[in-house]
Amino acid sequence: MNPHTTRRRFPNNTKVVARFKFIDMKYDNIIIGGGLSGLVCGIESARSGRKTAIVSAGQSALHFWSGSFEFLCNEDSRIVIDHPLERAERLDESHPYRKIGVSNVSKLLDRVLPLLREAGIKVNGSLERNHYRLTPFGYSRPAWLTLDEYLSFQSPSELKGKRAAIVNIYSYLDFYPRFLALGLSKLDVECVTASVNVPQLDILRKSTTEMRATNMSRFLTDSAVDDLAREVNRVSSDCDMVIMPAVLGIFDDEPVNRLRRGVDRPVFFVATTPASVPGVRCQLSLRDYFTSLGGTYMPGDTVVGGEISDGRIRKIYTSNFGSIPLIAENYVICTGSFFGHGLIANMDKIYEPVFGLDLNAPDDRTEWYDKNFYASQPYMGYGVVTDEKFRPMKEGKVIENLYATGALLSGFNALKEGSGAGITLATALHAASCITR
Ligand SMILES: Cc1cc2nc3c(=O)[nH]c(=O)nc-3n(C[C@H](O)[C@H](O)[C@H](O)COP(=O)(O)OP(=O)(O)OC[C@H]3O[C@@H](n4cnc5c(N)ncnc54)[C@H](O)[C@@H]3O)c2cc1C
């Protein structure tokens, strides 16, 4: 009997031959990790017609997203970079941008805006020149791409002389109108602050701990948005613009657009403290775009190891599939840094938990950190060591069918440079070009 065929007997004694569709666990490309880099790499692989799977353990940095992607923003915490591509040419040769080549990075990143728009994520900006966004604490911070619905500006003088209404939602605590008003006053913006209420949120207000951005976004849809718009109009009539917390539109941007249509003056959003509603939307939009292209997304599963022989990964294993292996021609590891659990630190060592890949982290734990809390921390620059094609190494030998991307890589300090998403997207697109050749 065909092993994929089972005979089942139903209560009325009729014999039924049921053909079970065994899941075929062979792919062209398997992506390990479903954050920004894994999703973008997976999308490009699936778009090229390759049979692609993404195995994704859990939360990614996107769930904490500021609403802006950074390419190269800071020399250090004080000096801001205006022209990031020019500055990238002077980075160390081991930096991911230099390894790809800055002009190649620029060409690869040309694909980002259209890709995000295809997924329904509307951002704007240019690699030629950074713009600014307003942080939740009222600082102006440079950025490469920012969501269309956010407050961003090319130069701080652009907002001079405007009058803004900073409108919070009554009893929501993760948004700070006074910090924003202070920050905006330094840009010569006159601010009024107000809070508004809509009855649809009363159910959450029974416990203040429920008044979180992601919870509110689930109630702020349809007529609740129209009610909110009416309230916002009431408190902002003598202003040029309205600034609000980014708590609308967790599944798509329709509530954002609806509010903007209902309010009589331009409405802009500012990030709240995490979790980030636009970040969750971005993650879901990329995931849905990937699956719409035929990709297989395996949420809540963790790759726990693999078999490597003759310099190639032959199969990998996950917690959910146990002893059933997943097999592919190429693998891309996009498991993030310490935050995503792509790197683990214990008392003795820092290690990469899936394959035990080589890292640039020293054994001596006292070298991992600077005692000055505000200094740039060495551990932020740790990650996997790769060849020039971003293929990681194990015990000094390159693994030929494995590529590493994003926050897992070594050679940069995303926090110090303000370069997290740029490196993530450039290396994801670079890996995608290698696995779809
Ligand atoms: C909290 C935070 C906020 C940030 N905000 C910004 C920002 O606003 N703008 C910006 O430019 N940069 C930001 N960054 C920098 C950020 O690192 C990059 O922008 C980028 O999102 C990193 O993406 P990634 O896919 O490489 O890693 P991650 O986003 O960390 O994703 C890794 C994914 O892999 C999964 N994973 C881990 N191990 C396994 C396994 N064994 N099997 C299967 N899946 C696994 C994790 O669960 C996670 O989903 C932020 C970083 C952090 C930590």
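For ligands, and for the atoms within them, numbers begin at 1 and follow the listed sequence. One-based numbering along the sequence shown.
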request  = Compute the shortest N/O to N/O distance between Leu62 and ligand 1 and return yes if it is under 3.5 Å, no if not.
outcome  = no
message = Starting from atom 50 (C) of ligand 1, what is the nearest protein heavy atom, named by residue and atom, and what distance separates them?
response = Ala61 CB, 4.0 Å
request  = Could you list which atoms of ligand 1 come closer than 4.0 Å to a heavy atom of Phe69?
outcome  = 11 (O)
query = Are any of the N/O atoms in Gly406 less than 3.5 Å from those in ligand 1?
reply = no
query = Would you call the rings of Phe71 and Tyr97 parallel, tilted or perpendicular, where under 30° means parallel and over 60° means perpendicular?
reply = parallel
inquiry  = Main chain of Gly422, side chain of Ser419: is a donor-acceptor contact present, judged purely on distance under 3.5 Å?
reply    = no
key: Side-chain donor-acceptor contact under 3.5 Å, Thr209 with Ser207   = yes
query = Side chain or backbone of Thr318 under 4.0 Å from ligand 1, or both, or neither, by non-hydrogen atoms?
reply = neither
Distance-only donor-acceptor check, side chains Asn330 and Asn29, under 3.5 Å = yes
task = Could you tell me the residue and atom name of the protein heavy atom closest to atom 25 (O) of ligand 1, and the distance to it rounded to 0.1 Å?
result = Ser37 OG, 2.8 Å
message = Can you list everything that forms a salt bridge (charged side-chain N to carboxylate O under 4.0 Å, His left out) with Asp301? Sequence neighbours excluded, please.
response = none
task = Answer yes if the side chains of Asp370 and Gln377 hold a donor-acceptor pair under 3.5 Å, and no otherwise.
result = no
query = Looking only at non-hydrogen atoms, which of Gly422, Ala404, Gly336, Gly300 approaches atom 30 (O) of ligand 1 most closely?
reply = Gly336
query = If you count the atoms of ligand 1 from 1 in the order shown, which ones are under 4.0 Å from a heavy atom of Ser68?
reply = 7 (C), 8 (O), 9 (N), 10 (C), 11 (O)
task = List every atom of ligand 1 that sits less than 4.0 Å from any heavy atom of Ala421, numbering the atoms from 1 in the order shown and giving each element.
result = 10 (C), 11 (O), 12 (N), 19 (O)
ask   = Does the side chain of Thr335 pick up a donor-acceptor pair with the side chain of His341 at under 3.5 Å?
value = no
request  = Heavy-atom distances under 4.0 Å are what count here, so tell me which part of Val354 touches ligand 1: side chain, backbone, both or neither.
outcome  = side chain
request  = For atom 34 (O) of ligand 1, grab the closest protein heavy atom and report residue, atom and distance to one decimal in Å.
outcome  = Gly33 CA, 3.3 Å
ask   = Would you say atom 6 (C) of ligand 1 has a protein heavy atom nearer than 4.0 Å?
value = no
message = Using a plain distance cutoff, I'd like to know if Gly342 has any nitrogen or oxygen under 3.5 Å from a nitrogen or oxygen of ligand 1.
response = no
query = Do ligand 1 and Ala407 have nitrogen or oxygen atoms that lie under 3.5 Å from each other?
reply = yes
key: Ligand-residue contact atoms, ligand 1 with Gln59, heavy atoms, under 4.0 Å   = 46 (C), 47 (O), 48 (C), 49 (O)
note = atom 37 (C) of ligand 1: closest protein heavy atom, distance to 0.1 Å, is Gly340 O, 3.0 Å
Whether Phe338 and Tyr379 hold their rings parallel, tilted or perpendicular, with breakpoints at 30° and 60° = perpendicular
message = For atom 41 (N) of ligand 1, what's the nearest protein heavy-atom neighbour? Residue, atom name and distance, please.
response = Val303 O, 3.0 Å
request  = Could you tell me whether Glu307 and Arg314 make a salt bridge, using a distance below 4.0 angstrom between a side-chain N and a carboxylate O?
outcome  = no
message = Starting from atom 23 (O) of ligand 1, what is the nearest protein heavy atom, named by residue and atom, and what distance separates them?
response = Thr424 CG2, 3.7 Å
ask   = Would you say His131's side chain and Ser152's backbone share a donor-acceptor pair under 3.5 angstrom?
value = no
ask   = Using 4.0 Å as the upper bound for N to carboxylate O, is an ion pair formed by Glu352 and Lys394?
value = no
query = Looking only at N/O atoms, are Phe339 and ligand 1 under 3.5 Å apart anywhere?
reply = no
request  = Return yes if some donor-acceptor pair links the side-chain N/O of Lys51 with the main-chain N/O of Lys26 below 3.5 Å, else return no.
outcome  = yes
ask   = Hey, is Thr302 touching ligand 1 through its side chain, its backbone, both or neither, going by heavy atoms under 4.0 Å?
value = both
inquiry  = Can you see whether Asp148 engages Asn124 through a side-chain donor-acceptor pair at a distance of less than 3.5 angstrom?
reply    = yes
ask   = Just which atoms of ligand 1 are under 4.0 Å from any heavy atom in Phe64?
value = 1 (C), 3 (C)
ask   = If you count the atoms of ligand 1 from 1 in the order shown, which ones are under 4.0 Å from a heavy atom of Cys334?
value = 32 (C), 33 (C), 34 (O)
remark   = Per-atom filter on ligand 1: closer than 4.0 angstrom to a heavy atom of Gly35 are 25 (O), 31 (O), 33 (C)
request  = Decide, yes or no, whether a salt bridge links Glu388 with Arg98 under the criterion of side-chain N to carboxylate O below 4.0 Å.
outcome  = no
key: Closer than 4.0 Å: a protein non-hydrogen atom to atom 14 (N) of ligand 1   = no
Any donor-acceptor N or O pair under 3.5 Å, side chains Ser171, Arg205 = yes
task = Report yes if some N/O of Gly58 lies less than 3.5 Å from some N/O of ligand 1; otherwise report no.
result = yes
query = What protein heavy atom sits nearest atom 44 (N) of ligand 1, and how far off is it?
reply = Ala57 N, 3.0 Å
task = Would you please determine whether Asp301 falls within less than 4.0 Å of ligand 1 on a heavy-atom basis?
result = yes
query = Can you tell me the protein heavy atom closest to atom 8 (O) of ligand 1 and the distance?
reply = Ser66 OG, 2.7 Å
inquiry  = Any nitrogen or oxygen of Ser337, side chain or backbone, less than 3.5 Å from one on ligand 1?
reply    = no
remark   = Interatomic distance, CZ@Phe175 vs CE@Met244, rounded to 0.5 Å, equals 8.0 Å
query = Is the shortest N/O to N/O distance between Glu70 and ligand 1 below 3.5 Å?
reply = yes
query = Thinking salt bridges, do Arg281 and Glu149 make one under a 4.0 Å N-O criterion?
reply = yes
